[in-house]
S.K.: 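Before I ask anything, here is the structure I am working with.
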Amino acid sequence: MPKDGGIGASSKRREDVRFLTGVGNYTDDIDIHGQAHVFFLRSDVAHGTLNAVDTSAAEAMPGVVKVFTGADFEGVGSIPCGWQVTDKHGEVMQEPAHPVLAQGKVRHVGEPIAAVVAETLEQARDAAETINVDIAELPAVVDMKAALADGAPKVHDDLTSNLCYDWGFVEENKDAVNKAFEEAAHVTSLELVNNRLVANPMEPRVAVGDYSRGTDEHTLFTTSQNPHVIRLLMGAFVLGIPEHKLRVVAPDVGGGFGTKIFHYQEEAFVTFAAKACNRPVKWTSSRTEAFMSDAHGRDHVTKIELALDTDNNFTALRTDTHANMGAYLSTFAPSVPTWLHGTLMAGNYKTPLIYVNVKAVFTNTVPVDAYRGAGRPEATFQLERVVDKAARELGVDPIALRRQNFITEFPYATPVAVEYDTGDYHATMDKLEEMIDLSGFEARRKASEANGKLRGVGVNCYIEACGIAPSNLVGQLGARAGLYESATVRVNATGGLVVMTGSHSHGQGHETSFAQVVAEMIGIDENMVEIVHGDTSKVPMGMGTYGSRSIAVGGSAMVRATEKIINKAKKIASHLLEASESDIELKDGAFSVAGTDKSVAWGDVTLAAYVPHNYPLEDIEPGLEETAFYDPSNFTYPSGAYACEVEVDPDTGKVTIESFAAADDFGNIINPMIVTGQVHGGLAQGIGQALLENCAYDDNGQLLSGSYMDYAMPRADDLPMFDVDHSCQTPCTHNPLGVKGCGEAGAIGSPPAVVNAVVDALRSAGKDVTHIDMPLSPDRVWAAMQ
Amino acid sequence: MYNFDFEKPGTVADAVAALGADEAQALGGGQTLIPTLKQRLASPTVLVSLKGIAEMQGICAGDDGALCIGGATNHATVAAEGGAYPALAATAAHIGDPAVRNRGTIGGSLANNDPSACYPAAALGSGATIVTNTRQIAADDYFQGMFTTALEEGEIITEVRFPVPEKANYQKFVQPASRFALVGVFVAKYADGVRVAITGASNDGVFRWAEAEAALSANFAPDALDGLSLSGDDMISDLHGTGAYRAHLCGVMTKRAVAAAA
Ligand SMILES: Cc1cc2nc3c(=O)[nH]c(=O)nc-3n(C[C@H](O)[C@H](O)[C@H](O)COP(=O)(O)OP(=O)(O)OC[C@H]3O[C@@H](n4cnc5c(N)ncnc54)[C@H](O)[C@@H]3O)c2cc1C
C-alpha cells in the first residue's frame with residue numbers, strides 16, 4: 001500500500017501550485033521602488049587588448065544614471081575561485097585575476113567591458129551603443145592542445161602559460177599502472193570528446209542590488225543555488241562587505257543545473273552599483289547573454305586505456321584528459337575535472353590500479369564549471385565507453401564483462417581515494433535485464449531492418465558520489481569552503497513548524513520532500529511543516545544545493561535539528577505527564593507514557609513551551625527552536641544500470657531512441673514521484689548531450705551555437721517514454737535517513753548507453769565504427785558510416 | 001528594439017502608400033522581423049502591418065484551378081484550409097511550432113526567402129505565381145539567392161497562386177536546433193512534367209534540380225533517381241552538416257518525396 005504522507009509517500013509537490021499558476025516569486029518578479037536598469041556592453045571579440053573605453057557620449061544620453069568601466073573597479077577584489085588544485089609536482093594551480101568589468105584585456109566573447117545604468121533598459125542599451133571601445137584584437141586560443149603548444153598566445157599575460165594545472169592521481173600509483181599495462185593480455189584504448197554544453201535553465205540569471213544608506217546594509221536578490229556562498233564570496237573577497245551587512249536572497253529559482261552555483265560578475269556589479277548610484281539596480285540576462293556568460297559545462301578531451309588479463313579481469317586503467325577552464329576560473333571549476341572526476345574512475349569495477357592525468361587549460365572561451373553531474377558524467381562516459389569497446393574487441397557480452405568485474409564487497413576502498421559504503425551492482429543489473437527484454441532484441445532488430453532501419457542496444461553502469469564531504473578532507477583537497485549543511489527547526493506555539501534549511505530548492509521539490517521527513521518524525525500532517533530556504537537573513541548558514549547533496553546533507557541537518565526538538569519536547573511532556581523522561585514515547589503526534597494510557601498531544605507540548613505556566617523552568621528554557629549543523633563523514637554512492645535502444649536511419653544518420661530504461665539504487669527514498677521526476681530530467685539532459693547539444697566555437701573564438709537556432713535542446717518528442725525503477729535500495733550507512741541523492745544520476749548514466757547503442761546499431765550493418773563523438777547528430781552518424 | 005511608428009492599413013493601396021515613407025517596412029506575422037528588431041539588427045521608422053488587409057487574407061480557388069493564397073494568410077490557415085493542395089497544406093503544417101504557424105504568413109516567408117525555409121521550396125516546386133501590388137512574378141524568376149528576391153522596395157506580395165499538381169510531396173529533414181529545413185525537397189508532378197525544388201542546401205538559396213526533374217518526368221518512381229547526385233561543393237556547410245552531407249540528403253529526400261507523393 002503506498003503511503004499517503006510522510007517518508008515514502010508520493011506527496012504532490014506543493015510548490016508547483018504557485019509555479020504553475022503564475023504566482024511564484026522569481027528574481028525578475030522583484031521590482032524595487034526607484035530601481036534603475038543595467039545593460040552590459042560585452043566583448044564581441046574573443047581576445048584583445050583594451051586600449052580605451054570612451055563613455056563620454058553615453059554619459060550624456062537620456063536617462064543614464066552612471067556608466068561604469070573596469071577602471072571603476074580598481075581596488076575592488078577579483079571574482080574568487082573556491083577551489084585550489086595542487087598539481088602533480090606539488091605546485092598550486094595558476095590562478096588569474098577575474099575583474100568585474102574587463103581591465104586591460106578581453107578574454108572571451110561575452111566578457112563585460114562596460115555597464116550602463118539608466119532609468120530603463122532600453123535607455124541603457126541606447127547609451128551602450130554610443131560607447132567607443134578601442135580593442136586591438138589578438139589571436140585567440142580555442143583548441144586546448146593548441147593552447148599548450150610552444151608560442152601559443154597567452155590568455156593571461158601574467159601567467160607562465162595557458163596551463164592551469166597538470167594533475168596526477170594517484171601520482172604514487174603511476175609506475176605500477178604503467179607496469180600493469182606492459183603486462184596486460186589485452187589493452188583497449190579510446191580517444192573521445194566530452195562535448196561542451198550550455199546549461200540553459202528555463203529562467204535566465206537575474207540580479208537586483210539594493211542598498212540602504214540609513215543602515216549601510218546591502219541586499220542582493222539573485223538566481224542562485226546557494227545564497228550564503230554568494231554572500232561569503234562576494235562580501236569577503238570582492239566587495240569587502242561584512243556578512244552582517246549583506247543579505248543575499250535567492251527566491252524562487254527556475255532551474256540551475258549547476259550554472260547558478262557560481263558567483264558571477266553581474267552579482268557583484270549590481271551590489272556595487274546600488275551603492276555607487278544610491279539606487280536599486282537590476283539586471284536580467286537575455287537568452288543571448290546567457291549563452292555567452294553563464295558558465296558552460298563538460299568540455300573534456302580524453303584518451304582512456306583499459307588493461308585486462310587473460311581472463312578478462314580489469315587490471316589497470318589509465319586516462320589522460322585535457323579539461324577546458326575557459327578564460328577565467330569559475331567558482332568550482334578546478335575541482336570538476338579533478339576531485340569530482342578522478343575519484344570516480346573506478347566506477348563499479350574492482351580495477352586495482354588507476355592513474356588519472358588531467359591538464360586544465362585556459363582558452364578564450366566562456367569559463368567552464370560544474371553542470372549536472374560535474375566530473376562524474378565525464379568519468380562515467382569514458383569508462384563505460386572503453387568497457388564496451390573492450391567487450392567488442394574481446395568478443396564477449398558487454399553485460400557479462402561488466403558483471404565479472406563488479407565490486408561485490410562493501411565497504412570498498414577504491415584505488416582513487418574514495419570508499420564506497422554500500423551498493424549492489426548485480427541487483428541493479430538484474431533489475432535492468434528484467435526491464436528491457438534482451439531476449440526479444442533480435443526480433444526487434446529484424447523488425448527494424450525490415451523497415452530499412454538499423455537497431456542497436458547499449459547498456460552501461462554508473463556510480464556517482466553525492467554530498468561531497470567531509471569538510472576537513474575537502475579542505476585538504478583544496479576546497480576553500482566547508483561542505484556541511486545547517487538547519488533550524490522553529491516550532492510555533494500552536495504546533496506548526498518552520499524548517500529553515502541551507503539547501504536551496506530550484507525545481508527539486510524540497511518544500512514537499514523535506515516536510516515529509518519532519519512530519520514523519522513527529523507523526524503530524526505534512527501541511528504543518530513549512531520549508532524556508534534561500535534567504536541569508538532567515539537561514540543561519542547554508543552551503544546550498546548542488547552535487548545531489550540536499551537530502552543527504554541538508555536533510556540530515558534537518559533530521560538532527562528535529563531530533564533535538566523531539567528530545568526537548570519529550571522533557572516537556574514528561575513534566576506534563578508527571579512521568580520519567582525515559583518512559584516517554586512519541587507516536588502519531590502524541591507523547592505517551594510507556595505502558596499506560598496517559599498521553600499529551602504534540603500541540604499541548606508546543607503550547608506549554610511558549611506559555612510556560614506549567615513548565616520545568618528550572619531545568620529547561622521556554623521555547624522550541626533548535627539548530628543543527630551536519631558534516632557528513634563520507635560521500636554517498638548512488639549507482640545503477642541503464643539501457644538504451646535506438647534505431648538509426650542508415651540513409652540520413654538520424655538516431656531515434658526507441659526505449660530507455662534506468663535501474664537506480666538511491667538508498668532510501670523519501671518521495672518516489674519526485675525521484676522519478678529527477679531521473680526523467682537527468683535522462684533528458686544526458687540524452688540531450690548524447691544526441692543534440694553542442695556548444696561550438698570557431699577558430700577565432702566566436703560562439704557558433706549562441707542561440708536556439710543552433711544550440712539544440714532536447715524536446716519532448718526527441719525522447720521516449722522512460723522506464724525508471726528505483727526499487728533496488730542499499731541504504732547509505734553513514735547518514736540518518738540512509739539516503740544517497742538522485743539529482744544527477746540520469747545525466748551521468750545516460751550518455752554512454754546512447755552512444756553504446758548507436759555503435760551497436762552501426763556495427764550490426766557491418767560498419768567498422770568504434771566510436772562517434774557526441775552529439776550523435778545525423779551528419780556525424782552518417783559520416784561515420786561512410 | 002528601437003522606436004518605430006506603427007500603421008495598420010485596411011487596403012493594399014493604403015499599405016503601399018504607407019510603405020512609401022522613408023525607411024518604412026512591411027510587417028507580416030513578425031516571426032522573422034520582430035526577433036530582428038529585438039536584436040536591434042533593423043531600425044525601420046514605420047512598421048506597416050499587412051494583417052488588417054482583408055483582401056490579403058484567406059484561400060480561394062482561381063479560375064484556372066490554381067489555389068490562391070492571400071499574402072497575409074498565416075501558415076495554420078493554409079494547413080487547415082489548403083486541402084485542395086494536400087502537399088502544400090502538409091508543408092504549412094510542419095513549419096515551426098503552433099505559435100509560429102498562427103502568426104507567420106506566406107507573404108512574409110516568401111519575401112524573406114530564408115535559405116532554409118519551407119515555402120520557397122513549395123512555391124518553386126509548384127511553379128507558383130507571386131502576385132504583388134504591381135505585377136505577377138513566376139517563381140522561376142522570383143527567387144534570386146538567399147534572402148534575395150525579385151521584389152522591389154516597398155512591393156507587397158498580395159497573393160500566391162499555386163497550380164495544383166497531380167501528385168506532390170514535401171520531405172523536410174529538420175535541422176535539430178531550429179527545426180527549419182536542413183534539407184527540404186518539394187516534388188510536384190504536373191501533366192507537363194515534374195518539378196523538384198530544394199531548400200536548406202544551397203548557398204544560393206532554393207533551387208531546382210534539373211537532372212532529377214528530367215529523370216522523374218520520364219519515369220515518376222524513386223529508382224528513376226538512381227545514379228543521380230548533386231555536388232556538395234557549393235552547398236551550405238555548417239555546425240549541422242557539411243555540403244557533402246546536404247548533397248547526399250538531397251538525393252535521399254527527393255526519393256522519399258517521390259515515394260510519398262500523393
Ligand atoms: C521558432 C520559429 C520557427 C520557424 N520555423 C520555420 C520552419 O520550420 N520553416 C519555415 O519555412 N519557416 C519557419 N519560420 C519562419 C516563419 O515561418 C515565418 O514565415 C517567417 O518568419 C516570415 O513570415 P512572417 O509573416 O512572420 O514575416 P515577418 O517577420 O513579418 O516579415 C519578414 C520579412 O518579410 C517582409 N514582408 C512580410 N510580409 C510581406 C508581404 N506580404 N509582402 C512583402 N514583404 C513582406 C517584411 O518586411 C520582412 O522583411 C520559423 C520562425 C520561428 C520564429
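So that the names make sense, note that chain A is the first sequence line, chain B the second, and so on, each numbered from 1.
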S.K.: Once rounded to the nearest 0.5 Å, what's the spacing between atom CG of B:Leu37 and atom OH of B:Tyr2?
M.R.: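 Here the interatomic distance stands at 10.5 Å.
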
S.K.: Taking every non-hydrogen pair under 4.5 Å, which of A:Lys654, A:Met713, A:Glu122, A:Gln786 racks up the most with chain B?
M.R.: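 The residue among A:Lys654, A:Met713, A:Glu122, A:Gln786 with the greatest pair count is A:Glu122.
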
S.K.: Contact part of A:Pro775 toward chain B, heavy-atom cut-off under 4.5 Å: side chain, backbone, both or neither?
M.R.: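 Contact with chain B involves no heavy atom of A:Pro775 at all.
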
S.K.: Please state whether the side chain, the backbone, both or neither of B:Arg256 comes within less than 4.5 Å of a heavy atom of chain A.
M.R.: side chain

S.K.: Name the orientation class of the two ring planes belonging to A:Phe40 and A:Trp283 (parallel below 30°, tilted from 30 to 60°, perpendicular beyond 60°).
M.R.: perpendicular

S.K.: Between A:Arg42 and A:Glu289, does any NZ, NE, NH1 or NH2 come within less than 4.0 Å of an OD or OE carboxylate oxygen?
M.R.: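 Here A:Glu289 pairs with A:Arg42 in a salt bridge, since their nearest N and O are under 4.0 Å apart.
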
S.K.: Supply the atom-to-atom distance B:Thr242 OG1 to A:Arg780 CZ, rounded to the nearest 0.5 angstrom.
M.R.: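 Here the interatomic distance stands at 12.0 Å.
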
S.K.: Run the salt-bridge test on B:Arg179 and B:Asp97 with the 4.0 Å N-O cut-off and return the result as yes or no.
M.R.: no

S.K.: Counting the benzene-type ring for Trp, do A:Tyr708 and A:Phe291 have ring centres under 6.0 Å apart?
M.R.: yes

S.K.: A:Glu129 vs B:Arg40, test: salt bridge (Lys or Arg N to Asp or Glu O under 4.0 Å). Steps then yes/no.
M.R.: CA-CA 10 Å; A:Glu129 284 179 0; B:Arg40 298 187 160 210; 3.1 Å; yes

S.K.: Identify, with sequence neighbours excluded, every residue that meets side chain to side chain donor-acceptor pair (under 3.5 Å) alongside B:Asp233.
M.R.: B:Ser231

S.K.: Side chain, backbone, both or neither: which part of B:Leu239 has an atom under 4.5 Å from a heavy atom of chain A?
M.R.: both

S.K.: Report, by ascending residue number, the residues of residues 691-698 of chain A in heavy-atom contact with chain B at a distance under 4.5 Å; give 'none' if the set is empty.
M.R.: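 Near chain B, by residue number: A:Leu692, A:Asn694, A:Ala696.
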
